[in-house]
K.L.:
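I have a structure here, written as C-alpha cells, and I will follow up with some questions on it.
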Amino acid sequence: MYNAEPHSAIRDACVTAVIERLQATRRAPVRGNPMQSGSRDPHDYAEQGFSIHPEQGELIYLLCRGLRARRVAEFATSVGMSTLYFAAAMRDNGGGTVIGSEIVPAKVAAAKRNLAEAGLADYADIREGDARKTVRDLGGPVDFILIDGWPGDKGPTLARQVIEIVAPQLRVGGYVMNDNAEADFLEFVRDPNNGFVSITLPLKGGTELCLKVA
C-alpha cells in the first residue's frame with residue numbers, strides 16, 4: 001500500500017532537522033516573485049531563500065549515492081537547501097565536495113551556517129560571486145550539477161550560459177538537474193550535438209534531468 005507520509009533516504013537526524021526547518025520557513029518574499037513581476041536584482045532577496053523542494057533533493061541524494069559521486073556543483077546555492085543534500089551524499093559516499101555558487105553575501109553566510117548546523121561544513125566549497133566566473137574551473141571532472149538559475153531580463157538565460165560553461169567539465173555518465181526549465185537551456189540539452197539525453201520529471205512543476213552520454 002502507498003504510504004503518503006514523507007520519507008527521507010538521509011538517515012542523519014541532524015541533517016534532516018535542518019532541511020525540515022528550511023522547508024518550514026519557506027515563504028513568499030516581500031518584494032514579489034522575480035519570475036513574475038518582482039525585481040530581478042538578486043540582492044533584493046537577501047532574506048529569502050529560493051530553493052529546490054525536498055523531493056528534488058531526495059532524488060539528488062539517491063543519484064549521487066548511486067554514482068558514488070565525489071565532486072558535484074550547483075548554481076545557485078541560495079541558503080543551502082540543495083547543498084545539504086549534495087553534502088550529505090558526499091559524506092555518505094566516503095568523502096567529496098559540493099562546489100556551490102552564490103552571488104548574495106548574506107545567503108553565502110546563511111548556507112554556511114546551515115551546513116555547519118548539519119555537520120556537513122567540511123564537504124562544501126561555497127564560492128561567492130557570479131556563477132559565470134565561479135564555476136569556470138571546478139577543479140576536475142564532476143559527477144552531478146544542479147542548475148537552478150536566476151531569471152534574467154533579456155538575452156541568454158543564466159542557466160543557458162552556465163550549462164555551456166560546465167558541460168565540458170561534466171563526466172560522461174554524469175547528470176545535470178535543471179529546476180526552472182528555461183527554454184534556451186532545454187534547447188541546449190535536447191540538441192543531440194551537445195551530448196545529452198534528458199527527461200522532464202513531474203517535480204516542482206517540471207524538473208529536467210539530463211544525462212551526459214557523449
Side-chain angles (χ1 to χ4, degrees), residues 6-10 12 14-36 38-64 72-90 98-121 123-129 131 134-135 144-152 157-159 162 175-182 185 201-209:
H7 169 74
S8 177
I10 300 174
D12 187 328
C14 290
V15 177
T16 57
V18 178
I19 290 171
E20 289 170 1
R21 174 175 58 76
L22 292 177
Q23 180 66 4
T25 56
R26 188 190 297 268
R27 61 184 183 277
V30 174
R31 293 177 180 267
N33 186 336
M35 296 295 289
Q36 298 173 358
S39 166
R40 295 301 179 94
D41 183 347
H43 294 87
D44 286 342
Y45 301 91
E47 302 302 319
Q48 171 65 30
F50 294 100
S51 303
I52 63 167
H53 286 186
E55 58 267 29
Q56 295 169 298
E58 295 289 346
L59 180 58
I60 286 172
Y61 175 83
L62 285 175
L63 289 173
C64 286
V72 297
E74 63 172 11
F75 156 68
T77 292
S78 189
V79 296
M81 173 73 95
S82 53
T83 327
L84 290 164
Y85 288 100
F86 275 123
M90 298 302 97
V98 49
I99 300 166
S101 178
E102 175 54 54
I103 199 169
V104 180
K107 290 186 176 181
V108 173
K112 289 181 176 180
R113 288 195 302 271
N114 291 326
L115 286 159
E117 182 181 336
L120 296 171
Y123 302 93
D125 170 17
I126 310 302
R127 301 176 179 180
E128 183 178 322
T134 58
V135 301
F144 198 115
I145 301 168
L146 171 66
I147 297 181
D148 185 4
W150 189 258
T157 64
L158 282 172
V162 169
Y175 289 98
V176 176
M177 181 182 286
N178 169 253
D179 185 48
N180 293 324
E182 292 91 340
F185 172 91
L201 304 175
L203 301 175
K204 198 183 174 186
T207 297
E208 198 75 7
L209 183 64

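Basis for what follows: all heavy atoms, side chains included, without hydrogens, waters or symmetry-related copies. Residue indices begin at 1 and follow the sequence shown.
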K.L.:
Specify the closest pair of heavy atoms between L84 and L115, including all atoms of both residues, with the distance to one decimal.
P.N.:
CD2-CD2, 4.0 Å
K.L.:
What's the spacing between T207 OG1 and I60 CD1 if we round to 0.5 Å?
P.N.:
9.0 Å
K.L.:
If you measure from CE on M90 to OH on Y61, what distance do you get to the nearest 0.5 Å?
P.N.:
9.5 Å
K.L.:
Taking all non-hydrogen atoms of both residues into account, name the closest pair between I52 and M81 and its distance.
P.N.:
O-CG, 3.8 Å
K.L.:
With a 3.5 Å cut-off and no angle check, do the side chains of E102 and S78 form a donor-acceptor pair?
P.N.:
no
K.L.:
Given the side-chain rings of Y123 and F86, with only the six-membered ring counted for Trp, is the space between their centroids under 6.0 Å?
P.N.:
no
K.L.:
Under a 3.5 Å threshold, yes or no: a donor from one side chain and an acceptor from the other, between E74 and T83?
P.N.:
yes
K.L.:
Does E117 come within less than 4.0 Å of R21, counting only side-chain N to carboxylate O?
P.N.:
yes
K.L.:
For residues A131 and F75, report the shortest heavy-atom separation together with the two atoms involved.
P.N.:
CB-CD1, 3.3 Å
K.L.:
Can you tell me how far apart OG (S8) and OH (Y85) are? Round to the nearest 0.5 Å.
P.N.:
6.0 Å
K.L.:
Does E208 use its side chain to pair, donor to acceptor, with the backbone of M177 at less than 3.5 Å?
P.N.:
no
K.L.:
Starting from the C-alpha separation in whole Å, work towards a yes-or-no answer on side-chain contact (heavy atoms from CB on, under 4.5 Å) for D179 and I147.
P.N.:
CA-CA 7 Å; D179 185 48; I147 297 181; over 6 Å; no
K.L.:
Which heavy atom of G129 sits nearest a heavy atom of S101, and at what distance?
P.N.:
O-OG, 3.6 Å
K.L.:
What is the minimum heavy-atom distance between N114 and L22, and which atoms define it?
P.N.:
ND2-CD2, 3.7 Å
K.L.:
Which atom names give the shortest non-hydrogen contact between V15 and A118, and what distance separates them?
P.N.:
CG2-O, 3.7 Å
K.L.:
Look up atom OG in S51 and atom CG in D148, then write down how far apart they are to the nearest 0.5 Å.
P.N.:
8.0 Å
K.L.:
Where do V72 and I99 land on the side-chain contact (heavy atoms from CB on, under 4.5 Å) test, with the steps shown first?
P.N.:
CA-CA 6 Å; V72 297; I99 300 166; over 6 Å; no
K.L.:
Checking T77 against V108 for the side-chain contact (heavy atoms from CB on, under 4.5 Å) test, could you report, in this order, the C-alpha distance in whole Å, the side-chain angles of both residues, the deciding distance, and whether it holds?
P.N.:
CA-CA 8 Å; T77 292; V108 173; over 6 Å; no
K.L.:
Carefully, step by step, assess E182 and L158 under the rule side-chain contact (heavy atoms from CB on, under 4.5 Å).
P.N.:
CA-CA 9 Å; E182 292 91 340; L158 282 172; over 6 Å; no
K.L.:
Rounded to the nearest 0.5 Å, what's the gap from CZ on F144 to CG on L63? Could you check?
P.N.:
5.5 Å
K.L.:
Calculate, to the nearest 0.5 Å, the distance between atoms CG and CG belonging to N180 and N178 respectively.
P.N.:
6.5 Å
